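Before any comments, here is the structure.
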Amino acid sequence: LLLRPAYGIQRILEEKPSFRRIALFLFVVSTLRGVVEGIWVLLRAGQLGQVVTSWVLLKSYLILGVPFIISSITCGYVRWVGFALAPCLLGRFFGKQGRFEDWLRLSGISMGLYLVAILPNFAASVFPLPVIRFQISPIYNPGMGIGQVVTSLWLTVILYQAARILYQLPRST
């Protein structure tokens with residue numbers, strides 16, 4: 001999907017991966033994202049070394065980090081359905097025939113980029129990159145940065161290609 005979106009979309013539509021596999025895939029990706037972001041927060045606060053070497057701190061971090069990881073998993077599933085439902089309903093509104101199941105498969109697999117979305121934001125600690133920060137606490141200030149922009153643009157290209165293929169639209173549309 002990353003290098004040749006149209007080819008990737010065709011393969012997904014032909015192979016029809018099961019929803020159980022996609023749901024498991026998104027669970028793993030979302031869990032990894034939650035863990036990576038948690039480690040990133042500790043690293044930025046200069047506390048990662050203390051947490052890793054102390055069993056009491058590690059245990060408390062794991063307990064306190066569970067809601068954060070659960071919210072990351074929930075967000076992954078909401079995005080999965082949202083990225084499938086919106087173009088499906090829009091296509092139906094314009095009289096096109098497209099199956100919601102196909103949109104679910106395409107959006108579920110393309111959400112694999114969900115973990116990668118935060119990686120470019122880590123570069124903000126080395127290079128000055130534009131990031132909008134949301135003040136939540138002295139340590140945790142999530143940001144919307146270049147990773148989300150790149151991911152959104154990539155998903156837009158995927159959605160465009162998928163709509164073209166599923167609704168049999170000409171290339172100029």
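A quick note: this is a predicted structure, and the numbers were derived from the prediction, not measured.
- Side-chain atoms of Ser107 never come within 3.5 Å of backbone atoms of Phe83 as a donor-acceptor pair (strictly under, hydrogens ignored).
- Between the CZ atom of Arg4 and the CD1 atom of Ile9 there is a distance of 12.0 Å, given to the nearest 0.5 Å.
- Hydrophobic clustering of Ile, Leu, Val, Met, Phe, Trp and Tyr side chains at less than 4.5 Å, counting indirect connections, unites Ile165 with Leu85.
- Open room surrounds CZ on Phe27; 12 or fewer heavy atoms of other groups in view lie less than 6.0 Å from it.
- Atom CD in Gln161 sits 11.0 Å away from atom CG in Leu166 (nearest 0.5 Å).
- Expressed to the nearest 0.5 Å, how far CD1 of Ile109 lies from CD1 of Ile12 amounts to 4.0 Å.
- Put simply, the side chain of Ser54 never gets that close to the backbone of Gln50: no donor and acceptor are under 3.5 Å apart.
- To the nearest 0.5 Å, atom CG of residue Leu104 and atom CD of residue Glu101 are 7.0 Å apart.
- Nearest heavy atoms, Cys88 versus Gly98: SG-O, 4.0 Å.
- Taking both residues in full, the closest heavy atoms of Trp103 and Ala162 are given as CZ3-CB, 3.6 Å, listed atom of the first, atom of the second, then distance.
- Nearest approach of Leu26 to Tyr77, heavy atoms of both residues: CB-CE2, 4.0 Å.
- Distance CG/Leu153 to CD1/Ile158: 12.0 Å, rounded to 0.5 Å.
- Of all the heavy atoms in Gly108 and Ile22, the pair that sits closest is CA-CG2, 3.6 Å.
- Ser30 and Ile73 get closest at one heavy-atom pair: CB-CA, 3.5 Å.
- Pro17 is not listed as a side-chain neighbour of Phe25, based on a closest heavy-atom distance of 4.5 Å or more.
- Taking hydrophobic clusters as Ile, Leu, Val, Met, Phe, Trp and Tyr residues chained together by side-chain heavy-atom distances below 4.5 Å, Ile70 does not share a cluster with Val35.
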Steps toward side chain to side chain contact (heavy atoms under 4.5 Å, CB included) verdict (Phe19, Arg105): CA-CA 7 Å; Phe19 292 115; Arg105 283 186 177 94; 3.8 Å; yes

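- Of the inter-residue distances, the one linking Arg99 atom CZ with Leu13 atom CG reads 9.5 Å to the nearest 0.5 angstrom.
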Worked verdict on Lys16 versus Asp102 for side chain to side chain contact (heavy atoms under 4.5 Å, CB included): CA-CA 8 Å; Lys16 297 187 185 313; Asp102 290 336; 4.0 Å; yes

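- In the hydrophobic clustering of ILVMFWY residues, with side-chain heavy atoms under 4.5 Å counting as a link, Val157 and Leu169 come out apart.
- The shortest heavy-atom contact between Lys96 and Tyr167 is CB-CD2, 3.3 Å.
- Residue Arg11 qualifies as open at atom CZ: its count of foreign heavy atoms under 6.0 Å is 12 or below.
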